[in-house]
Protein chains: 2
Amino acid sequence: MSNDDQNGIDYSMLQSRLGYKLRRAQLVYFDVFFEACAQEGITPGLFSILAIIYHNPGLTQSAVSTALDVDRSAMVAAIDKLESMEVVERRKSKNDRRSYALYLTDKGKEFTERLNRKVAAGEDNFDSFMKEGEREWLLDLLDRIIAARKGG
Amino acid sequence: MSNDDQNGIDYSMLQSRLGYKLRRAQLVYFDVFFEACAQEGITPGLFSILAIIYHNPGLTQSAVSTALDVDRSAMVAAIDKLESMEVVERRKSKNDRRSYALYLTDKGKEFTERLNRKVAAGEDNFDSFMKEGEREWLLDLLDRIIAARKGG
DNA sequence: GCGAAATGTTTGACACGCCAACAATTTAAA
DNA sequence: TTTAAATTGTTGGCGTGTCAAACATTTCGC
């Protein structure tokens, strides 16, 4: 077995580096993910926000940001954009006058469902190299990696 | 089976999205990778460059950039830094007066080997949640994903 | 020999993550 | 109850990384 690719480059030191391989593989799937989202005029990051709000209506911006593990300052421009697209709305919370409760509009719900179908189809369309059951196994292993984040 | 995490958030739409899970997992391993590199005053991107030059001495900057799938303009500052650390040197190519041939210095070879041990140890130290043989399986599957990049 | 392509390089735009502030508000402590 | 500490949304700055375009020098194809 060789450590060369088709260009004759020796990748020995990177061959068994999960950090490197995960990055390259993530870039590949990001393209798939991105292309599906772009068809609906949106980015993968914005889709993940919609996906969270869809199943968790009423969440605050901070709650969404911690759910997705992004900085809450990044949420401002994101919700601004989704609100300008009329798929998300900020409602003033009665309990806490500091925060907003986030909801999808009717248009937003339909938009998110269509987006979800498109993204899922885009990924499934790219799974031809996977053997039976491998996808589920991969998702499970990735979950374990994510869960082991802090001092597993 | 629930789609909630420990905070009671419903992740249904993201639960089986490889694009999302790969990104999260990559972030986790990037931290491991980054920490190991930081101990030697370097970044994961610079390590990958060293790893390529280590096993492929004499490569041009463009060859390294295509091998790592990064823009060749990004190579300039990277090699500048590695040269200032005296681990890499640009030698003028006799055949092609446009390009440089990249080589590791003796110091650079030792540096890269120590770095490689540290990065590998950092990853192995984080593999406790993996079952026997799972790591090889994962690396193989990631390779297939990367190889399927263009029109799989 | 002449036009096309490659190499290293610079530059500018753009996005993104990270961190530090800040005002308004809520919570906890004394 | 008064006061200190924490939270929320928001802005701004800084560093990074990506991407595209341009450029001079040099090489390659015809």
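Below, read A as the first sequence line, B as the second, and so on, with proteins coming before strands; counting in each chain starts at 1.
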Between B:Arg144 and A:Glu134, does any side-chain N to carboxylate O distance fall below 4.0 Å? yes

What is the distance from NZ of B:Lys94 to C1' of D:dT27, rounded to the nearest Å? 17 Å

So, do B:Phe126 and B:Tyr29 have ring centers that fall under 6.0 Å from each other? yes

Nearest whole Å is fine: how far is D:dT7 P from A:Asp96 CG? 12 Å

Quick note, B:Arg98 side chain, CB onward, closest among D:dG9, C:dC19, C:dA6 is C:dA6

Protein-nucleotide distance (A:Asp71, atom CG; D:dT10, atom C1'), rounded to Å: 11 Å

Side-chain N or O of B:Ser62 less than 4.0 angstrom from OP1 or OP2 on C:dG8? yes

To the side chain of A:Ser73, which of C:dT26, D:dG9, D:dT11 is closest? D:dT11

If you compare every side-chain N and O of B:Arg23 against the phosphate oxygens of C:dG17 (OP1, OP2), does one of them come in below 4.0 Å? yes

With respect to the side chain of B:Ser99, which nucleotide from C:dT7, C:dT10, C:dT26 is positioned closest? C:dT7

Categorize A:Asp69 for me: base, sugar-phosphate, or nothing, with a 4.0 angstrom heavy-atom threshold over every strand shown. nothing

Using the six-membered ring wherever Trp is involved, compare the ring planes of A:Phe33 and A:Phe47 and label them parallel, tilted or perpendicular (cut-offs 30° and 60°). perpendicular

Go through C:dT25, D:dG9, C:dT9 for me and flag the one nearest to the B:Arg72 side chain. C:dT9

For a quick check of understanding: with a heavy-atom distance under 4.0 Å over all strands, which category does A:Thr60 fall into, base, sugar-phosphate or nothing? sugar-phosphate

Between atom CG in A:Asp80 and atom C1' in D:dT11, what is the gap in whole Å? 12 Å

Could you state the CZ-C1' distance from B:Arg90 to C:dT7, rounded to the nearest angstrom? 12 Å

Compare the minimum distances between each of C:dG8, D:dT26, D:dT10 and the side chain of B:Tyr100, then state the nucleotide with the smallest one. C:dG8

Please state how far atom CE in A:Met75 lies from atom C1' in D:dT7, giving the value in whole angstrom units. 16 Å

Rounded to whole Å, the NZ-P distance (A:Lys92 to C:dT26) equals 13 Å

Interatomic distance where CG belongs to B:Leu27 and P belongs to C:dC16 [whole Å]: 14 Å

Residue pair B:Lys92 / B:Arg97, side-chain heavy-atom distance below 4.5 Å: no

Honestly, is A:Arg91 close enough over A:Tyr103, meaning NZ or CZ under 6.0 Å from the six-membered ring centre and within 45° of the axis? yes

I want to check one thing: is the phosphate of D:dT7, taken as OP1 and OP2, less than 4.0 Å away from some side-chain N or O of A:Gln61? no

